[in-house]
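Below is one structure, written out as structure tokens; comments come after it.
Computed from a predicted structure; not experimentally measured. Values below: all heavy atoms of this structure, side chains included; hydrogens, waters and symmetry mates excluded.
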Amino acid sequence: MTVDLSVVYCGIKHESPFILAPSPATDHLHLLIQGFEAGWAGAVLKTVAVDSRIVSRVFPMVTRIEQENAFIGLQNIDLVSEHSVEIVEQNVRTLKRKFPNKVVVPSIMAFTKEDWQSLTKRFIDAGADIIECSIWHPHGTEWTLCTKVQEPVGTEQIASWVKEAAGNVPVVIKLSALDSDIMATAEAVERSGANGVSAINTIKSITGVDLDTLIPYPNIAGLSTYGGLSGPALKPISLRCTAEIAQKVKLDIASSGGIATWKDCAEFLLLGASTLQLCTSVLRFGLGIIDELKPGLEGWMKEKGFQSLTEVIGKSLPYLVEHSRLPRGIQVVSHIQIEDCNGCGACCIACGSGGHGAISLVDGLPRVDVNKCIGCGICRSMCLSKAITLIRPNGKQSTLL
């Protein structure tokens with residue numbers, strides 16, 4: 001069985017859903033060329049403003065975030081492109097001339113209606129396939145490069161300005177999980193006439209504090225600031241935003257935030273994304289990660305019997321319901337596969353600390369008292385060896401979990 005990875009997003013055919021997100025990897029022409037040659041279907045160029053030069057960059061711009069020595073994300077205090085509008089325009093022209101079938105998407109930021117529309121027209125004249133608008137920014141807003149919006153009214157206004165200038169060229173609005181009501185803002189984007197949304201931007205964050213110097217990270221000559229969080233830590237939030245938007249509006253969705261493997265890609269597609277923008281994983285593993293994403297997604301689709309992405313996109317949305325609609329009265333209990341258990345005792349600690357004291361250690365191995373267990377799942381969530389399943393009291397594994 002052959003699998004078709006092509007997708008139509010905002011009316012534009014993409015050879016696959018894999019797009020380079022706006023980042024240092026899309027701010028330099030040679031990297032963009034390498035990305036397209038490697039097999040990426042398109043790229044959103046790093047955001048550019050009318051006068052990006054007023055921003056004085058500081059270093060270091062990026063800080064690693066760890067939890068128990070495991071990488072969970074990056075925080076960056078970078079802002080807009082280091083290049084002028086003229087250089088980015090030329091990059092668009094060069095890319096479209098060299099790769100006519102790739103999708104080139106300038107990301108713009110402006111302060112006034114005139115600037116929003118001017119940038120839009122300039123990049124369309126340069127050959128842009130789609131215009132993405134970076135309305136929300138987690139840090140550096142004091143540089144006044146971007147309109148200060150009142151959600152969702154301000155978003156609708158900016159989107160309508162850009163769409164007016166763009167004409168038949170698709171317009172995408174980048175949304176933030178920090179929005180007090182991202183669904184209402186998505187509805188405002190739909191009313192504006194824009195064609196799609198990108199969800200989500202990085203989230204305003206603090207990496208941590210150096211306990212020796214007492215200075216928060218990153219340390220910039222004795223001072224620090226807030227930054228934008230990206231990477232695996234964002235995945236659950238980004239999945240939620242993707243699904244909520246998909247259930248609320250008919251706009252096409254480009255998802256970003258925490259996408260690192262083909263399995264992540266499949267999950268976002270199932271929850272309503274049409275394209276997938278990757279940044280942190282590209283910085284970690286290189287542009288060649290595309291060679292793992294494509295065959296991984298294709299293999300899974302063949303296994304499940306999907307021939308095209310149209311059959312995949314949004315497939316899992318019907319299973320998402322309000323809490324009040326979840327089935328009640330179905331009893332499950334914990335079941336421990338002793339042959340898989342490493343005897344760490346994490347399940348016993350979890351059940352004793354937040355459960356019902358249903359697990360005890362007997363000869364160094366956990367044992368479940370089914371008369372006490374209510375099936376809360378805390379123990380299973382804490383089990384690193386994945387030795388715990390939830391089953392019906394009659395011994396059958398729950399089909400719900």
Side-chain angles (χ1 to χ4, degrees), residues 64-73 75 177-178 182-183 200 203 205-209 211 229-244 247 257-261 263-264 266-268 270-272 315-401:
R64 177 188 177 98
I65 304 172
E66 296 181 347
Q67 184 71 37
E68 297 180 350
N69 296 321
F71 177 90
I72 61 172
Q75 184 211 54
L178 297 177
I182 195 170
M183 289 185 291
I200 54 177
I203 295 180
S205 62
I206 296 176
T207 304
V209 179
L211 298 183
L229 174 65
S230 66
L234 257 64
K235 181 185 171 185
I237 300 171
S238 186
L239 280 173
R240 183 269 297 180
C241 291
T242 296
E244 285 188 331
Q247 288 183 321
I259 305 174
T261 68
K263 292 182 179 180
D264 296 331
E267 291 177 44
F268 277 93
L270 287 167
L271 290 177
K315 187 76 172 180
S316 294
L317 290 174
Y319 301 109
L320 280 173
V321 297
E322 296 293 333
H323 190 281
S324 59
R325 290 183 55 197
L326 294 174
R328 260 64 181 180
I330 300 176
Q331 180 62 50
V332 293
V333 295
S334 294
H335 174 71
I336 300 172
Q337 301 284 351
I338 294 300
E339 60 272 22
D340 296 327
C341 176
N342 63 9
C344 69
C347 58
C348 186
I349 294 172
C351 191
S353 301
H356 286 67
I359 301 180
S360 56
L361 292 178
V362 179
D363 296 328
L365 294 173
R367 179 176 296 175
V368 179
D369 184 343
V370 295
N371 295 316
K372 292 183 179 180
C373 180
I374 66 168
C376 67
I378 296 177
C379 59
R380 187 186 66 166
S381 300
M382 296 298 178
C383 178
L384 294 180
S385 58
K386 298 182 180 180
I388 301 178
T389 56
L390 298 180
I391 63 172
R392 303 285 177 83
N394 61 8
K396 295 182 179 179
Q397 186 170 340
S398 172
T399 58
L400 304 176
L401 299 164

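Within a 6.0 Å radius of CD in Glu339, more than 12 heavy atoms belonging to other residues, nucleotides or ligands are found.
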Please report, to 0.1 Å, the donor-acceptor pairs under 3.5 Å made by any side chain of residues 340-357, with sequence neighbours excluded.
| from | atom 1 | to | atom 2 | distance (Å) |
| --- | --- | --- | --- | --- |
| Asn342 | OD1 | Cys344 | N | 3.0 |
| Ser353 | OG | Ile349 | O | 2.8 |

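Here the side chain of Gln247 pairs no donor or acceptor atom with the backbone of Gly272 at under 3.5 angstrom. Without hydrogens or angle criteria, Arg328 side chain to Leu326 main chain gives a donor-acceptor distance under 3.5 Å. Ser238 contributes no side-chain N or O that, together with a main-chain N or O of Leu234, makes up a donor-acceptor pair within less than 3.5 Å. Remark: the backbone N or O of Arg64 is not paired with any side-chain donor or acceptor of Gln75 at under 3.5 angstrom.
Here the side chains of Val333 and Leu390 are not in contact, with every heavy-atom distance at 4.5 Å or above. A 4.5 Å side-chain heavy-atom check between Ile182 and Ile200 finds at least one atom pair inside the cut-off. Within the 4.5 Å cutoff, the side chain of Lys235 has no heavy atoms near those of the Ile259 side chain.
The OG1 atom of Thr242 lies 9.5 Å from the CG atom of Leu317; values are rounded to the nearest 0.5 Å. We find the OG-CD1 distance between Ser205 and Ile65 to be 5.5 Å, quoted to the nearest 0.5 Å. If you take CD1 on Ile374 and NZ on Lys372, they are separated by 13.0 Å, rounding to the nearest 0.5 Å. Within the model, atoms SG of Cys383 and CD1 of Ile378 stand 14.0 Å from one another, a figure rounded to the nearest 0.5 Å.
Take Gln331 and apply the side-chain hydrogen bond (donor to acceptor under 3.5 Å, both in side chains) test, not counting sequence neighbours, and it matches no residue. In this view, Leu384 satisfies the side chain to side chain contact (heavy atoms under 4.5 Å, CB included) rule with no residue, not counting sequence neighbours.
For Cys241 against Ala177, the heavy-atom pair with the smallest separation is SG-CB, 3.9 Å. The shortest non-hydrogen separation linking Ile388 to Arg380 is O-CG, 3.2 Å. The heavy-atom pair separating Phe268 from Gly257 by the smallest distance is CZ-O, 3.6 Å. The nearest pair of heavy atoms linking Ile359 to Cys379 is CD1-CB, 3.7 Å.
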side-chain contact (heavy atoms from CB on, under 4.5 Å) between Leu361 and Arg367, intermediate numbers included: CA-CA 6 Å; Leu361 292 178; Arg367 179 176 296 175; over 6 Å; no
Please step through side-chain contact (heavy atoms from CB on, under 4.5 Å) for the pair Lys315 and Leu271, ending with a clear verdict. CA-CA 7 Å; Lys315 187 76 172 180; Leu271 290 177; over 6 Å; no
List the steps, then state whether side-chain contact (heavy atoms from CB on, under 4.5 Å) holds for His335 with Val368. CA-CA 7 Å; His335 174 71; Val368 179; over 6 Å; no
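Ion pairing of Arg240 with Glu244 is present here, as a side-chain N (NZ or NE/NH1/NH2) and a carboxylate O approach within less than 4.0 Å.
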